[in-house]
Trainee: 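To start, I am sharing the structure in question, which I have written as structure tokens.
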Amino acid sequence: MQSVSDRLFGAAELFSRDSREWKIPAKVARVLAVSPFILAVVVAVTVPFRDFYLWLVEEDSLIEWMQFGCLVGAIVFLVVITSRLLQRRHVGMAALYGAVALGVLFLTGEEISWGQRIFGWGTPEALQEVNRQGETTVHNIRGVQEFVPYAMLLASLYGTCVPLWAAVRKRWKRSAASHLLVPPLCLVPAFGLAALYRLFRLVIWPTPTFVVSEYGEVMELSLYFGLVMFCWFNLRNMRRPRPETGLENLRQRAHRKS
């Protein structure tokens with residue numbers, strides 16, 4: 001039976017090996033892993049200072065604009081990745097990434113009420129009657145709003161569980177498409193904190209206080225941070241020269257001779 005120290009050493013080795021596979025420097029990987037915890041703690045300690053806490057988590061405040069920045073970055077990276085996948089004739093994976101890009105685009109629009117709070121247009125009367133916040137958004141419509149936490153939970157659990165499962169099932173990690181589908185281990189905390197918060201809200205405290213409810217903005221930022229970094233690392237890897245296989249070498253030599 002393995003001791004605790006042996007298990008910790010094994011986990012650290014898995015983490016280091018995964019970072020090397022992704023070409024992520026060890027220090028950067030460690031910073032990415034601890035950053036969500038630092039963010040969560042820093043915001044939590046501001047709770048007694050109500051005005052400052054609200055400035056961080058309210059609508060159109062710092063954290064929401066950080067969320068928007070992460071989502072915009074993810075859209076750009078997803079579109080470029082989709083284009084490069086099409087160029088390489090990976091149609092199925094390109095379709096998947098294109099669908100994710102459309103989903104993130106929709107989410108980005110929802111985060112800023114499709115520009116309503118920026119440009120100040122009014123909410124159509126029919127939408128105002130069914131929208132919890134009286135805004136031009138879909139996710140706050142009664143009947144739709146109830147599904148949003150489950151969608152967030154599903155995305156968070158994917159980013160948490162799949163990398164851990166893949167780290168143990170090493171054979172899948174060797175497949176060509178694995179990096180496009182499996183986030184690096186250093187991003188598991190970003191997704192994991194968001195998943196734990198959603199599980200806490202859904203299972204333990206479905207009707208929380210205002211402070212706990214607004215703290216969800218921090219967890220959404222953690223989720224979006226994990227997403228944008230996952231997209232960036234994939235795009236960076238795609239920009240690296242691909243090693244030529246023996247078959248590709250033979251084709252190039254035959255082409256040169258002809």
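Bear in mind the structure is a predicted one, so any value in this text is a computation, not a measurement.
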Trainee: Mind checking who shares a hydrophobic cluster with V34, ILVMFWY linked at side-chain heavy-atom distances under 4.5 Å?
Mentor: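 Members other than V34 - counting any ILVMFWY side chain reachable under 4.5 Å - are I38, V42.
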Trainee: For a quick test of reading the model, state the closest non-hydrogen atom pair linking C70 to L221 and the distance between them.
Mentor: SG-CD1, 4.1 Å
Trainee: According to the side-chain hydrogen bond (donor to acceptor under 3.5 Å, both in side chains) rule, which pairs have a member within residues 34-52, sequence neighbours left out?
Mentor: none
Trainee: Could you walk me through whether R84 and L235 pass the side-chain contact (heavy atoms from CB on, under 4.5 Å) test, one step at a time?
Mentor: CA-CA 9 Å; R84 295 192 176 186; L235 178 58; 4.2 Å; yes
Trainee: Taking only residues two or more places apart in sequence or in another chain, which ones pass salt bridge (Lys or Arg N to Asp or Glu O under 4.0 Å) with R20?
Mentor: E13
Trainee: Would you say L32 and V28 make side-chain contact, with heavy atoms under 4.5 Å?
Mentor: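 They are in contact (side-chain heavy atoms under 4.5 Å apart), so the answer is yes.
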Trainee: Can you see which heavy atom on A74 is nearest to which on V104, and at what distance?
Mentor: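 Result for this residue pair: CB-CG1, 4.3 Å.
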Trainee: Is L157 linked to F230 within one hydrophobic cluster, defined over Ile, Leu, Val, Met, Phe, Trp and Tyr using a side-chain heavy-atom separation of less than 4.5 Å?
Mentor: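 No, separate clusters.
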Trainee: Check the pair S19 / R30 against side-chain contact (heavy atoms from CB on, under 4.5 Å), numbers first and verdict last.
Mentor: CA-CA 9 Å; S19 299; R30 288 194 291 269; over 6 Å; no
Trainee: Might you work through the side-chain contact (heavy atoms from CB on, under 4.5 Å) test for V43 and I63, ending with a clear yes or no?
Mentor: CA-CA 10 Å; V43 177; I63 287 179; 4.0 Å; yes
Trainee: Is there any salt bridge (Lys or Arg N to Asp or Glu O under 4.0 Å) pair reaching into residues 182-195, and which pairs are they, with sequence neighbours excluded?
Mentor: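 Counting only pairs at least two positions apart or across chains, no salt bridge (Lys or Arg N to Asp or Glu O under 4.0 Å) contact touches residues 182-195.
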Trainee: To the nearest 0.5 Å, tell me how far E111 CD sits from E59 CD.
Mentor: 8.0 Å
Trainee: Working to the nearest 0.5 Å, report the span between CG of N234 and CZ of R236.
Mentor: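 So the CG of N234 and the CZ of R236 are separated by 10.0 Å.
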Trainee: Got more than 12 heavy atoms from elsewhere within 6.0 Å of CZ, F200?
Mentor: yes
Trainee: Check for me, please, whether L39 and V31 land in the same ILVMFWY cluster - side-chain distances under 4.5 Å, paths through other members count.
Mentor: no
Trainee: Please enumerate all residues that pass salt bridge (Lys or Arg N to Asp or Glu O under 4.0 Å) together with E214, with sequence neighbours excluded.
Mentor: none
Trainee: In Å and rounded to the nearest 0.5 Å, what is the CD to CD distance from E64 to E217?
Mentor: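 Taking CD in E64 and CD in E217, the distance rounds to 5.5 Å.
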Trainee: How about C231 and L227: do any of their side-chain heavy atoms sit closer than 4.5 Å?
Mentor: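 Of all side-chain heavy-atom pairs linking L227 with C231, at least one is under 4.5 Å.
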Trainee: Can you name the closest pair of heavy atoms from T82 and A94 and give their distance?
Mentor: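 Here T82 and A94 meet closest at CG2-O, 3.4 Å.
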Trainee: How many angstroms lie between atom CG of L85 and atom OH of Y97, to the nearest 0.5 angstrom?
Mentor: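 Going from CG on L85 over to OH on Y97, the span is 7.5 Å.
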Trainee: Heavy atoms only: give me the nearest F15-C186 pair and the separation to one decimal.
Mentor: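 Scanning both residues completely, I find the closest heavy atoms to be CE1-CA, 3.6 Å.
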Trainee: Connecting only ILVMFWY residues whose side-chain heavy atoms lie within less than 4.5 Å of each other, what is the rest of V91's hydrophobic cluster?
Mentor: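 Besides V91, the cluster holds no residue at all.
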Trainee: Give the minimum heavy-atom separation between A194 and S156, together with the two atoms involved.
Mentor: CB-OG, 3.4 Å
Trainee: So which atom in V212 and which in Y197 form the shortest heavy-atom distance, rounded to 0.1 Å?
Mentor: O-OH, 2.7 Å
Trainee: Identify whether W232 and V80 are in the same connected component of the hydrophobic contact network (ILVMFWY, side-chain heavy atoms under 4.5 Å).
Mentor: yes
Trainee: To the nearest 0.5 Å, what is the distance between CZ on F77 and CE on M238?
Mentor: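 So the gap between those two atoms works out to 13.5 Å.
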Trainee: Treating Ile, Leu, Val, Met, Phe, Trp and Tyr as nodes and any side-chain heavy-atom pair under 4.5 angstrom as an edge, say whether M152 and F225 lie in one connected cluster.
Mentor: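 Yes, because M152 and F225 connect within a single hydrophobic cluster, where side-chain heavy atoms sit under 4.5 Å apart.
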Trainee: Will you find, in the side chains of E58 and Y53, an N or O donor that is under 3.5 Å from an N or O acceptor?
Mentor: no
Trainee: May I have the step-by-step check of side-chain contact (heavy atoms from CB on, under 4.5 Å) for Y150 and L202, ending in yes or no?
Mentor: CA-CA 9 Å; Y150 293 98; L202 290 169; 4.0 Å; yes
Trainee: Is there a donor-acceptor pair closer than 3.5 Å between any side-chain N or O of Y215 and the backbone N or O of F210?
Mentor: no
Trainee: Can you find a heavy atom in the side chain of M219 that is under 4.5 Å from one in the side chain of P36?
Mentor: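 The answer is no, as the side chains (C-beta and beyond) never meet within the 4.5 Å cut-off.
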Trainee: Spell out, yes or no, whether V228 and I81 are grouped together once hydrophobic residues are joined by side-chain heavy atoms under 4.5 Å, including indirect joins.
Mentor: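 Yes; I81 is reachable from V228 via cluster members.
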Trainee: Any chance you could measure E21, atom CD, to N237, atom CG, to the nearest 0.5 Å?
Mentor: 10.5 Å
Trainee: Over 60° means perpendicular and under 30° means parallel, so classify the ring planes of H179 and W22, tilted if in between.
Mentor: parallel
Trainee: Would you check if the side chain of D18 reaches a backbone N or O of P184 as a donor-acceptor pair within less than 3.5 Å?
Mentor: no
Trainee: Describe, in one word, how the ring planes of W55 and F52 are oriented to each other, choosing from parallel (under 30°), tilted (30 to 60°) and perpendicular (over 60°).
Mentor: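 Ring orientation, 0 to 90° scale: parallel.
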